[in-house]
Each structure stands twice: as structure tokens, then as C-alpha cells.
Amino acid sequence: MVGEEGAFVLGWDEVLTEEELSMTLKVLCMSEEEFKEYKEQDGWEDDSEEEENSTLSNEALSRLKTPCKKLLYDSVLLTLESYRSDLKAEQDLLNNKEAYEKLSRREQQALHVRYGQKRILHQLLELVH
């Protein structure tokens with residue numbers, strides 16, 4: 001369901017791996033009985049039309065059912081904990097011209113990537129909280 005890397009790709013405005021995230025949330029938020037029924041009906045194929053018509057935009061994420069929102073929220077918190085520093089530390093480094101210029105070009109680029117990732121994750125926290 002999740003793909004080879006086991007990760008979902010988020011953009012500023014929507015989930016870029018929406019099919020994978022949508023299916024994962026659907027399955028993980030099912031009760032055991034719902035899952036058995038879904039599996040017995042070969043529901044995996046029947047939902048393709050429904051999935052095509054729905055995009056996981058930021059607006060759609062904010063309207064998810066509470067169990068799915070909580071699952072996403074907790075997952076984002078776990079992801080943020082995997083970083084060595086928080087968003088504020090990244091902002092402080094970006095705003096400190098002297099410290100920033102001491103970084104190698106590669107470290108500066110990595111800082112920008114981490115900062116962008118964390119901003120997207122914090123945005124997602126706001127959407128599903």
C-alpha cells in the first residue's frame with residue numbers, strides 16, 4: 001500500500017501520494033469487522049473510481065474523520081521527533097547570517113530541505129488538529 005520506501009509525499013497544497021495515503025488511512029481506520037467485510041468483498045478494486053474522484057488537498061485533509069486525523073497527527077509527531085532539531089532551531093540558523101555562512105554549501109542546502117520538510121509537517125499538524 002505504501003510503496004517501496006514506506007513514505008508518503010506531501011506538498012504545500014495536497015498529498016502527492018494521495019492514493020497510497022487514502023487507502024492506508026481507510027484500512028487503518030477500519031474496525032476489524034469492517035476490514036473483514038471489505039476484504040471479503042474484494043473492495044480493493046471496487047474503490048478505484050471513488051479514489052480517482054477524490055484528491056487529498058489540504059482542505060480535504062482537514063475534513064477527515066477524527067480517527068484518521070488522529071492517526072495522521074500522531075504520525076507527523078513521530079516524524080518530527082526523528083529530526084535532531086526542531087523547526088525553531090532551523091529558523092534561527094537561517095536567520096543567523098554569520099552562522100549560516102559558516103556552513104558548507106551542502107550543509108546550507110540540507111538546512112533548506114529540512115526546514116521546508118518541517119514547515120510542511122507543521123502545516124499538516126494544523127490541518128488535522
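Note that the structure is predicted; figures quoted are calculated from it, not measured. Starting from 1, each residue takes its place in the sequence as its number.
Every residue was checked against the salt bridge (Lys or Arg N to Asp or Glu O under 4.0 Å) condition with Arg119, not counting sequence neighbours, and none meets it. For Ala89, the side chain to side chain contact (heavy atoms under 4.5 Å, CB included) partners are Ser85, Asp86, not counting sequence neighbours. Judged as a side chain to side chain contact (heavy atoms under 4.5 Å, CB included), and not counting sequence neighbours, the contacts of Glu107 are Leu103, Ser104. His112 is linked by a side-chain hydrogen bond (donor to acceptor under 3.5 Å, both in side chains) to Tyr100, counting only residues two or more places apart in sequence or in another chain. Under the side chain to side chain contact (heavy atoms under 4.5 Å, CB included) criterion, Thr66 pairs with no residue at all, not counting sequence neighbours.
Linking Ile, Leu, Val, Met, Phe, Trp and Tyr whenever their side-chain heavy atoms come within less than 4.5 Å leaves Val9 and Leu64 in two separate clusters. Leu78 and Phe8 end up in different hydrophobic clusters when Ile, Leu, Val, Met, Phe, Trp and Tyr side chains are linked at under 4.5 Å.
Between the side chain of Ser62 and the backbone N or O of Glu59 there is at least one donor-acceptor pair closer than 3.5 Å.
To the nearest 0.5 angstrom, Asp92 atom CG is 9.5 Å from Leu87 atom CG. If you take CZ on Arg63 and OG on Ser57, they are separated by 6.0 Å, rounding to the nearest 0.5 Å.
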Lys36/Glu32 under salt bridge (Lys or Arg N to Asp or Glu O under 4.0 Å): CA gap, chis, key distance, verdict: CA-CA 6 Å; Lys36 283 180 184 176; Glu32 187 176 343; 3.6 Å; yes
Report the C-alpha separation of Leu72 and Leu21 in whole Å, then their side-chain angles, then the decisive distance to 0.1 Å, and conclude whether the side-chain contact (heavy atoms from CB on, under 4.5 Å) test is met. CA-CA 10 Å; Leu72 268 178; Leu21 181 59; 4.1 Å; yes
Run the side-chain contact (heavy atoms from CB on, under 4.5 Å) test on Leu71 and Val128 for me, step by step, so that the C-alpha distance in whole Å, both residues' side-chain angles and the decisive distance to 0.1 Å come before the verdict. CA-CA 9 Å; Leu71 180 63; Val128 297; over 6 Å; no
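For the pair Gln108/Arg105, a side-chain contact is recorded, criterion being any heavy-atom separation below 4.5 Å from C-beta on. With contacts defined as side-chain heavy-atom distances shorter than 4.5 Å, the pair Leu80/Val76 qualifies. Taking the side chain as every heavy atom from C-beta outward, Val113 and Gln109 never approach each other to under 4.5 Å. A heavy-atom distance below 4.5 Å is found between the side chains of Leu10 and Leu121. Taking 4.5 Å as the limit, every side-chain heavy atom of Leu94 sits out of range of all side-chain heavy atoms of Gln91. No side-chain heavy atom of Leu25 sits under 4.5 Å from any side-chain heavy atom of Met23.
Sorted by first then second residue, the ring pair (Phe, Tyr, Trp, His ring centres under 6.0 Å) pairs that include residues 57-98, not counting sequence neighbours, are Tyr73-His129.
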